[in-house]
Protein chains: 2
Amino acid sequence: MDQVAEAAGVSRATVSRVINGAPSVDAKIREMVQRAIADTGYVPNVAARSLVTRRSNSVALVISEPDRPDNHSFLNRIFTDPYFGRITAGATSALRPHDIHLVVIPTDSTDHHQVVRYLRQGHVDGVLLISSHEQDTLPRQVHDLGIPAVVSARPTSPIAVSYVDVDQRLGARLAAEHLLNRGCRTLATISGPLDIPSGLDRLDGFRAFLSTRGFPSVPTIEGDFTRAGGEAMARRLLAQHPNIDGLFVANDLMAEGALRALQDLGRRVPDDIAVVGFDDSSAALDCRPLLTTVRQPVEEMAAEMAEVLMAHIATPGRLPRSVTFQPSLVIRNSA
Amino acid sequence: MDQVAEAAGVSRATVSRVINGAPSVDAKIREMVQRAIADTGYVPNVAARSLVTRRSNSVALVISEPDRPDNHSFLNRIFTDPYFGRITAGATSALRPHDIHLVVIPTDSTDHHQVVRYLRQGHVDGVLLISSHEQDTLPRQVHDLGIPAVVSARPTSPIAVSYVDVDQRLGARLAAEHLLNRGCRTLATISGPLDIPSGLDRLDGFRAFLSTRGFPSVPTIEGDFTRAGGEAMARRLLAQHPNIDGLFVANDLMAEGALRALQDLGRRVPDDIAVVGFDDSSAALDCRPLLTTVRQPVEEMAAEMAEVLMAHIATPGRLPRSVTFQPSLVIRNSA
DNA sequence: TTGTAGGCGTTATCAA
DNA sequence: TTGATAACGCCTACAA
C-alpha cells in the first residue's frame, strides 16, 4: 500500500479511501491512485483489514446432523442429499452479489465444541445454521455466543433467533387433500424421523387434517429420509396393510424408494395406489411415474436466510424475525 | 490477551507461547495461564494472528464448470451432482483433523476474475481446483498466482501443478473387457462431453482397447453427464442401432437414465443388453438392476488432493507431483 | 525460561 | 479533501 501511495504521490490514508470508495476523494486523485494500484498490482490484505474492521466477509454454513448408528458415512450422506445441495446453492446465490463467501461446516454432536470455538474466533461474520433434529443443542449454543445467526427451521425450544421455515403442516394438508380429492379412501403415510421437527410436523399435519375429514387413525410407519429407507418402509407398510390406495411419503427421496417397492410388488401407481411426496427436489423428476409432491422452495428459503443474516450483520441490535414460506402442490403422475 | 496476562501474572508473550504450545514454558506457569484463559474466556483473534503468521487455516474448493446454454441452474446442478458431494466430503474429512476449513466457491468463466481476486487477497492458504473442461483457463491463472494449488485432473495444457486423477483409460478398458467377457459382440457407448478430458479419455480408452480386439469402430453418442441426458441418448442410440447387446455409459448418472430408457423400450438388462457405468457413485445403487460400474474412489482422491495441498502449504518450494488412482470394476447386476 | 519491544497492513480519528 | 498518527491483537526476535 505504501508503494501505491508513493507511486500516486498521496498518503496511505487516501489510497485506503479510494479502495473503499469513500465519496470524499478528488476525482483526479482517485484516478491517479487507481492507476497506481493497477501498475503496482496491489491487492489489499484481508487479514489486516478484518483486524481493524472486525469483518471477515464470510459466513459459515453449519450443517448439524444427529448422531446416527451408521455414522461413518456421515459426510457422505450430507453432501449427497439434494436437500443440502439446494441449501448451498440458494445461500451461495444470495451471498455472491455481496462478495460474501461461504465456509461449509458439517457437524454432529461430537464436535459441537470445535464449531463453537471456530465461531468464537471470529472467522465468520455470521452463521447459517441448518439444524433439523429436536435435541440439537447447537442453536442454543450459537445463540448464547451472540454471533448473528439464522436457523433453518423453527427452533423446538423458544430461542430468540431468526429462522426461515416452510409451513410444514400446511404442506402435509395439501397432500392429504389431494389424495382425498382423487378418491383415495385407505390412506397411510411414511413419516420422517420423529425426532426431527419437520418429520413430526408433516405427520401431525397429515393426521390432523384427515381426522377432520373422518379418518381418525392412519397407518403410519417411521422412515429415515433416505431412498433405501423409503423402499424398505413401503414394503413393510404394504405387508401390514395390503389395501392402501393413497400414500403420503414425507420426502421425495423416500418416495422414490417407495415407488420402486410398489413397482416390485406389482402395484400400479397411481391406479392401484396414489403416492405424494414432499420437497419437489430433483429426485421427484427421477421417479417413474413422475412424482406428485409438495413443493418446498428450498433455494429461495436458503437465499432468504442469507438475506436475513446479512441484515443482522449490518444492524447488530436487530430483533430476530422469522419468515415462513408457503408450500404448494406440484401435480405430476404419481397421484 | 492482556487480561489473561495480568490474571496469570505473566507477559503477553508467555500467554502467546502457551496458546501456541511452545515447549519452552514452565509447567506451573503454563497451568496458571491456562486457568487464566479459562477464567477470562479468552479467545484468540484470528485476524490478528493471520496478519502476522500469514496463514488463514482455510483453503478454497473452487468448482469450475463450463458455461452451458441452460446456465441458470448452474449452482443447482453443481450442488446436486453426487460427484461434487463426494469431493466435498473427501476433502472435508482430510482437512478437519488439521483444523483447516473449506470455503466452497462455484464458478464459471464469467466470474473467474472474482475468484482470482479472492485468492490473491490471501483469504485462503491454498486451492483445491475442480476443473474438468478442456478450455478452462482457471488452472493456468491459479498457477500464475503462485498460490499453492492442487487440480482434480491432469491439466490439458502442461502446467507445473500437482494433480490427482484416476486412470480414466484403464477404467474404460475394464468396462470393455467385462462386456466382451460376458459375450457381448455389438458394443456401443454413451460418452461424456468431449470437451471434458475425462469424457474424452474414457471414450478413447474404450475404443482403443476394442480396436485391439477386432472392433475397429463402435457406435458412439455424446452425452452430458446428466441423468436426463443419459435417458435421451440411450433412446436415440437404440433407435439407430437396435441390436446393441453391450453398452458402456461414461458415468453412473447417465447410466441410470439409460437403464430407464431401456426398461421403457422393453429391453431386458443384462440379458438383452448389458450396461456398465463409471464412477460407482450412490446413483449406481439407485439403479434397477443394480449397476455394474467402474469404481473411481472419489472421496479418497479428494482427501489425497487435500493432503498434497497441505504439503505444498507447509513447504512452499515443493515440486509439483501427481497421484494417479487405479479404477476397479464393481460387478453388480446390469452386466 | 521469561519479558521487552517492534512490526504485520489496514482503517479511523482528528487536525490541518 | 487530505495527511499524520494511533489503534487493531498477535507473534517473534532479541535481550535479560
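Keep in mind that this is a model prediction, so the values were computed, not measured. Per chain, numbering begins at 1; letters A, B, ... match sequence-line order.
- Separating the CG atom of B/Asn45 from the P atom of D/dC8 is a distance of 11 Å, rounded to the nearest angstrom.
- Taking atom CD1 of residue B/Ile37 and atom P of nucleotide D/dC10, one finds them 10 Å apart after rounding to whole Å.
- A straight line from CZ of A/Arg55 to P of C/dT10 spans 19 Å, rounded to a whole angstrom.
- The environment of CZ in A/Arg154 is sparse: at most 12 heavy-atom neighbours from other residues, nucleotides or ligands sit within 6.0 Å.
- The shortest distance between the side-chain N/O atoms of A/Arg54 and the OP1/OP2 oxygens of C/dT11 is not below 4.0 Å.
- The A/Val52 side chain lies nearest to C/dA12 when the options are C/dA12, C/dT2, D/dC10.
- Taking 4.0 angstrom as the limit, A/Ser11 places none of its side-chain polar atoms (N or O) nearer than this to OP1 or OP2 of D/dA4.
- B/Asp165 and B/Thr324 form no side-chain donor-acceptor contact under 3.5 Å, judged by distance and modelled atom types alone.
- Computed from coordinates, the A/Asp2 CG to C/dT10 C1' distance equals 11 Å when rounded to whole Å.
- Of the candidates D/dA13, C/dT10, D/dC11, D/dA13 carries the atom nearest the B/Arg17 side chain, counting heavy atoms from C-beta on.
- In this structure, A/Ala13 and B/Pro23 both approach DNA chain C, and ranking their closest nucleotides by distance from the 5' end singles out B/Pro23.
- Using a 4.0 Å heavy-atom criterion, one finds that A/Met1 contacts the bases of the nucleic acid, with or without backbone contacts as well.
- Phosphate proximity of D/dC11 to B/Arg49: present, with a side-chain N or O under 4.0 Å from OP1 or OP2.
- The separation between A/Glu6 atom CD and C/dG9 atom P is 16 Å, rounded to whole Å.
- Distance, A/Met32 CE to D/dT1 P: 17 Å, rounded to whole Å.
- Each of D/dT2, D/dT5, C/dT2 was ranked by its minimum atom distance to the side chain of B/Ile29; first place goes to C/dT2.
- Within 4.0 Å of B/Ile19, counting heavy atoms only, lies no atom of the nucleic acid at all.
- Put simply, the residue from B/His312, B/Arg321, B/Arg318 that forms a side chain to side chain donor-acceptor pair (under 3.5 Å) with B/Ser162 is B/His312.
- For the 3.5 Å distance criterion, the side chains of B/Asn57 and B/His98 fail to qualify, holding no donor opposite an acceptor.
- Contact annotation: A/Thr14 side-chain N/O to D/dG3 OP1/OP2 distance is under 4.0 Å.
- Using a 4.0 Å heavy-atom cutoff across all strands shown, A/Val10 reaches sugar-phosphate atoms only and no base atom.
- Under a cut-off of 6.0 angstrom, the local environment of CD in A/Glu6 is sparse, with at most 12 non-hydrogen atoms contributed by other residues, nucleotides or ligands.
- Rounded to whole Å, the distance from CD on B/Glu31 to P on C/dT2 is 14 Å.
- Considering CD1 of A/Ile147 and CG of A/Asp125, their distance stands at 7.5 Å, rounded to 0.5 Å.
- Here the side chain of A/Leu51 is nearest to one of D/dT2, C/dG9, C/dT10, namely C/dG9.
- In terms of phosphate contacts, A/Asn20 brings a side-chain nitrogen or oxygen within less than 4.0 Å of OP1 or OP2 of C/dT11.
- Note on A/Val15: nothing from the nucleic acid sits closer than 4.0 angstrom, heavy atoms only.
- The interatomic distance linking A/Arg12 (CZ) with C/dG7 (P) rounds to 13 Å, in whole Å.
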